[in-house]
Protein chains: 2
Amino acid sequence: MANLTPRQTEILQFIEQRLRQEGYPPSQRDIAEHFGFAQNAARDHLQALARKGEIEISPNDARGIRLLREQTPPGLPLLGRIAAGAPVTAPSNAEHWLEIDPGLFQPRADFLHRVDGDSMIDAGILPGDLVGIHAQSGAENGQIIAACLYEPRGGFERITLKRYRRKGSVVTLHAENPRYEPIVIDLSQPAEDQEAAPFRIAGIMGGLLRTGAPR
Amino acid sequence: MANLTPRQTEILQFIEQRLRQEGYPPSQRDIAEHFGFAQNAARDHLQALARKGEIEISPNDARGIRLLREQTPPGLPLLGRIAAGAPVTAPSNAEHWLEIDPGLFQPRADFLHRVDGDSMIDAGILPGDLVGIHAQSGAENGQIIAACLYEPRGGFERITLKRYRRKGSVVTLHAENPRYEPIVIDLSQPAEDQEAAPFRIAGIMGGLLRTGAPR
DNA sequence: AGGACTACTGTTCGTTTGAACAGTACTTGT
DNA sequence: ACAAGTACTGTTCAAACGAACAGTAGTCCT
């Protein structure tokens with residue numbers, strides 16, 4: 001589908017450029033004149049682009065070119081529970097889709113996670129906050145990670161924020177609240193539960209969005 | 001400039017709608033057909049809109065309508081220090097302009113403020129956080145406000161976050177950190193400093209953006 | 001070796017479209 | 001009272017434009 005020839009890509013980019021610059025698409029003769037060929041060559045290219053699903057042509061309409069494959073407005077999915085084994089970033093899990101620039105977070109966020117407890121309150125992370133998570137499978141000591149913990153009853157995974165620390169083969173997941181006990185996992189001893197790993201790293205925290213004032 | 005008649009507004013909105021729906025502007029006859037009048041009426045309206053600076057017409061081009069007054073990509077100014085007396089939302093004060101949907105915050109944010117101390121740490125607001133502020137001159141008890149405090153040396157105003165409480169004519173601005181003393185202002189006694197009010201409310205907090213993980 | 005696809009030229013045809021000219025009725029500002 | 005602007009109708013015209021038909025040369029696949 002997305003197998004455009006170099007020439008077709010040029011023509012598509014020209015259409016996009018004219019749309020940005022002028023606010024309306026070029027006519028077939030505009031395209032022909034710009035590239036220095038005849039009108040019918042432009043028409044052929046447009047029909048090829050339409051065949052490949054890049055554009056749509058309204059018959060008999062002057063400049064009747066509509067871009068499909070629109071530039072997706074930059075946004076992030078808000079993920080809740082995650083089906084076990086499913087890739088974290090699968091948008092099918094998304095509760096909502098928020099229009100935020102992923103690049104606002106550092107490192108750049110791949111999805112958002114809604115905090116639902118007060119376990120990270122001493123790190124300034126309150127219940128209800130949306131945390132921007134950069135999806136990656138490893139982490140460095142001291143980083144706050146989105147840990148995927150398997151829920152034996154239910155068959156889904158649950159994302160929890162924890163501060164990550166590893167010493168040798170022992171990983172400790174700390175809460176930032178003295179009322180919560182850290183979770184200790186010894187990687188050298190295989191989990192008693194062989195169906196799923198006891199935890200995995202979904203990503204690291206890249207920032208936070210609070211959509212309202214705290215009470 | 002922006003004095004459009006109801007009819008002209010209708011026509012402008014129709015053009016915007018068609019641009020979104022079809023990807024290209026309507027022809028004069030499209031407009032005429034939609035509103036049920038002759039092509040020349042459409043032309044008159046377009047020329048009126050062009051005269052008022054709403055659109056630009058490319059002569060002899062089919063559908064040669066370009067929208068000026070583009071939909072501003074939704075974003076928020078990041079305000080630092082504010083010149084005394086200047087309206088808070090004056091974008092000239094903006095350090096940066098971040099592309100965030102103001103509606104993500106509740107109430108909707110008008111600008112962002114970068115927190116530069118740990119005075120609100122117990123409310124989950126850390127130094128470096130960007131707080132979304134809804135500009136308004138009043139506040140209710142218990143709300144977190146962006147207070148504009150006049151700096152005698154320097155001649156500028158400084159925005160500080162405080163929790164607002166008022167009892168009769170006495171306003172107390174609390175920090176959310178026991179190491180900071182609350183600021184008490186008695187509104188019944190005029191300020192010794194007659195040049196500027198000792199404080200004013202720039203707005204109330206509508207949310208928070210943290211562009212990075214806490215250390 | 002042949003079919004499909006790309007990348008064009010050249011010409012003709014008919015519709016779409018913007019432009020221009022002339023005119024009407026109503027409202028608003030000075 | 002008059003000019004300017006709004007909100008239209010109606011007609012004509014030429015340029016802009018998409019569509020169709022016919023044809024060429026090259027590449028790529030099987």
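Chain naming here is simple, since letters A, B, ... match the order of the sequence lines and numbering starts at 1 in each.
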* Contacting residues from residues 22-29 of chain B, given that a heavy atom lies under 4.0 angstrom of DNA chain C ->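 Result for residues 22-29 of chain B: B/Ser27, B/Gln28, B/Arg29, sorted by number.
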Could you give the [atom1]-to-[atom2] distance, from [X] to [N], as a whole number of Å?
{"X": "B/Lys52", "N": "D/dA4", "atom1": "NZ", "atom2": "P", "value": "17 Å"}
{"X": "A/Arg63", "N": "D/dA19", "atom1": "CZ", "atom2": "C1'", "value": "17 Å"}
{"X": "B/Phe37", "N": "D/dT6", "atom1": "CZ", "atom2": "P", "value": "14 Å"}
{"X": "A/Ile65", "N": "D/dA16", "atom1": "CD1", "atom2": "P", "value": "18 Å"}
{"X": "B/His45", "N": "C/dA19", "atom1": "NE2", "atom2": "C1'", "value": "18 Å"}
{"X": "A/Ile57", "N": "D/dA19", "atom1": "CD1", "atom2": "P", "value": "7 Å"}
{"X": "A/Asp61", "N": "D/dA16", "atom1": "CG", "atom2": "C1'", "value": "14 Å"}
{"X": "B/Asp44", "N": "D/dT9", "atom1": "CG", "atom2": "C1'", "value": "11 Å"}

* So what does A/Ala62 hit on the nucleic acid, given a heavy-atom distance under 4.0 Å: a base, only sugar-phosphate, or nothing? -> sugar-phosphate
When you measure from the side chain of [X] to the backbone of [Y], do you find a donor-acceptor pair of N or O atoms at a distance under 3.5 Å?
{"X": "A/Arg43", "Y": "A/Ala38", "answer": "no"}
{"X": "A/Arg210", "Y": "B/Gly124", "answer": "yes"}
{"X": "A/Arg29", "Y": "A/Gln39", "answer": "no"}

* Asked: According to the interplanar angle, ranging from 0 to 90°, do the rings of B/Phe37 and B/His45 count as parallel (below 30°), tilted (30 to 60°) or perpendicular (above 60°)?
  ->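 Answer is tilted, since the angle falls between 30° and 60°.
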Please tabulate, one pair per line, each protein N/O and nucleotide N/O from nucleotides 20-22 of chain D that are separated by under 3.5 Å, including the distance.
residue, atom, partner, partner atom, Å
D/dA20, N6, A/Asn40, OD1, 2.9
D/dA20, N6, A/Asn40, ND2, 2.4
D/dC21, N4, A/Asn40, ND2, 3.3

* Below 4.0 Å: OP1/OP2 of D/dG5 and any side-chain N or O of B/Thr5 ->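 So the side chain of B/Thr5 is outside the cut-off, no N or O lying under 4.0 Å from OP1 or OP2 of D/dG5.
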Would you mind writing out the side-chain donor-acceptor pairs for residues 164-175 of chain B within the sub-3.5 Å range, not counting sequence neighbours?
residue, atom, partner, partner atom, Å
B/Arg166, NE, B/Gly168, O, 2.8
B/Ser169, OG, B/Asp186, OD1, 3.1

* Quick one: which of A/Leu76, A/Ile159, A/Leu78 gives a side chain to side chain contact (heavy atoms under 4.5 Å, CB included) with A/Phe111? -> A/Ile159
Euclidean distance, [Y] [atom2] relative to [X] [atom1], rounded to 0.5 Å:
{"X": "B/Ile145", "Y": "B/Ile204", "atom1": "CD1", "atom2": "CD1", "answer": "10.0 Å"}
{"X": "B/Gln28", "Y": "B/Asp44", "atom1": "CD", "atom2": "CG", "answer": "9.5 Å"}
{"X": "B/Thr9", "Y": "B/Leu4", "atom1": "OG1", "atom2": "CG", "answer": "4.5 Å"}

